[in-house]
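Chain letters run A, B, ... following the sequence lines, proteins first, then strands; residues in each count from 1. Both backbone and side-chain heavy atoms feed into the values below; hydrogens, waters and symmetry mates do not. These figures come from a predicted structure and were not determined experimentally.
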2 protein chains.
Amino acid sequence: MVRARKAAAPLSRDRILRAAVAVADSGGFDSLSMRSLASELGTAPMSLYRHVANKDDLFDGMIDIVFSEVEFPSQGGNWLATMRLRAISMHETLQRHPWAIGHMESRRRAGPANLRYHNDTMACLREDAGFSFPAAVHAFSVMDSYIYGFAQQENALPSDIPAEAEVRHDAVVEADPDAAERYPYLAQIAVELRKIDYDFSQEFEFGLDLILDALERMRDREPASGKK
Amino acid sequence: MVRARKAAAPLSRDRILRAAVAVADSGGFDSLSMRSLASELGTAPMSLYRHVANKDDLFDGMIDIVFSEVEFPSQGGNWLATMRLRAISMHETLQRHPWAIGHMESRRRAGPANLRYHNDTMACLREDAGFSFPAAVHAFSVMDSYIYGFAQQENALPSDIPAEAEVRHDAVVEADPDAAERYPYLAQIAVELRKIDYDFSQEFEFGLDLILDALERMRDREPASGKK
DNA sequence: ACCTGAACACCGTTCAAGT
DNA sequence: ACCTGAACACCGTTCAAGT
């Protein structure tokens, strides 16, 4: 018979990773430290090191949780619909976990969800779309560059873009009275965005569909239209 | 007559910013601290605070130096050629300053080079290309999302991609013997990239031209083909 | 007044002392 | 043997003491 443990709180790698994601989601990535995470879990900082090698290993695990949240239709369907849903789901996932933006592809040790995501994307492009290998790599690269880059810009921008554009423009003009003449198109942005009641969230699908359409046209031009 | 200063070393905001860029370029962003920067300049850490408000203000200045290095043809030329050169120059600039990736659009206080870059881009899209205001915003968004996202992925990836793909795949298989069956398309990547002697740097222009072509087609379809 | 060393409140992680 | 508190080598920045 083993000595009773502290009720309902056995530390595990999984529990640590999920707590770390929760801390980063709510307080931002800078608020996540080994010390703050330990205190959130009711343990000493050094106790975490029994389950994660270091902070980088902790981050690897967090990123794989993010990958695991991306929806991916099963293979065999319409490739455009599959890629479109995958992109929109990744975009939404990154909105939930902005601290992951810029780090999805930079992990040296990819977790199982990461591997599955990349494997299934290539499977869709090769089998469902019928792209040649080089064309599939091209398509993968342009889609994901756009998805990650958009998330990065969206995250950098303030939530109310028209209002903020005006505020920023006012600040620029205040600092430099000649700004209105020097940067007329920035002044225009501040004015026009309010007029058209601009919502950046709609912008994502515009660029996505522009790219998907272009890829579909490229596919039609590929010599072998079937598999291989 | 003023007392002679320490020869050839009057501290200034500009000198501090340039030294900071040099430190980040050579040692990575993590190697840049107020202490390391001060020692590089032969001063005490606190002396820097006379010229920069804090580390964030220092970073603002560094980012504007990066913007200032992006080539931009003067207005009035072919819009596709202008946007293409701008994109390629931004890509090269980010390769020289990888620490700036992911931070170009997130600065609250934009510097003059930043303002000029955005103003000139809108000027080209509105005047040279003749896009409507909403279409110009769409085009701006999709181009820069791609440029920044590509740089991010390229920076995350190792320099010799085919070799690294093999190494990584071997590591995955070692950790999980069933990996080859579970992720057949990742195995394919490891094999095929070597065959076609893959060079990721060529990938940038593929996606860029795909997007520029699509924007040119969109422009042809716009109701008013002239200005306004 | 201007400048800057010491100090403060943090980090991630090592290491040795506890059980 | 497993676990973890104290300590180390860093941070950015405040503040008060120097000139």
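Atom name C1', nucleotides dT14(C) and dG12(D): the rounded distance is 23 Å, in whole Å.
In this structure F204(A) satisfies the ring-ring contact (aromatic ring centres under 6.0 Å, His included) test together with H91(A), Y146(A), F150(A), sequence neighbours excluded. Residues forming a salt bridge (Lys or Arg N to Asp or Glu O under 4.0 Å) with D170(B) (at least two apart in sequence, or on another chain): none. Residues passing the ring-ring contact (aromatic ring centres under 6.0 Å, His included) test with F206(B) are H138(A), sequence neighbours excluded.
The side chain of S47(A) contributes an N or O atom lying less than 4.0 Å from OP1 or OP2 of dT4(D).
Counting only N and O atoms by type, the side chains of D199(A) and S201(A) include a donor and acceptor under 3.5 Å apart. In summary, the side chains of Y148(B) and Q153(A) do not present any donor paired with an acceptor at a separation below 3.5 Å, with no hydrogens or angles considered.
Sorted by first then second residue, the salt bridge (Lys or Arg N to Asp or Glu O under 4.0 Å) pairs that include residues 57-69 of chain B, not counting sequence neighbours, are R13(B)-D57(B), D60(B)-R107(B), E69(B)-R96(B).
In this structure, Y183(A) has its ring center no closer than 6.0 Å to that of H169(A).
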> Can you give one letter per nucleotide of nucleotides 8-19 of chain D, going 5' to 3': B for a protein heavy atom under 4.0 Å from the base, S for sugar-phosphate only, - for none?
Replying inline: ---BBBBB----

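The side chain of A44(B) lies closest to dG5(C) when the candidates are dG5(C), dC3(D), dT4(D).
Rounded to an integer number of Å, the gap from CG of L48(A) to C1' of dC2(D) is 16 Å.
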>> Could you spell out the base pairing of DNA chain C as a dot-bracket line? Use Watson-Crick and G-U wobble contacts where both distances are under 3.5 Å, [ ] for crossing pairs, | for partners on a different strand.
In response: ||.|||||...|||||.||

> Checking salt bridge (charged side-chain N to carboxylate O under 4.0 Å, His left out) for the pair D25(B)/R18(B): CA distance, chi angles, key distance, verdict?
Replying inline: CA-CA 10 Å; D25(B) 284 349; R18(B) 289 185 190 285; over 6 Å; no

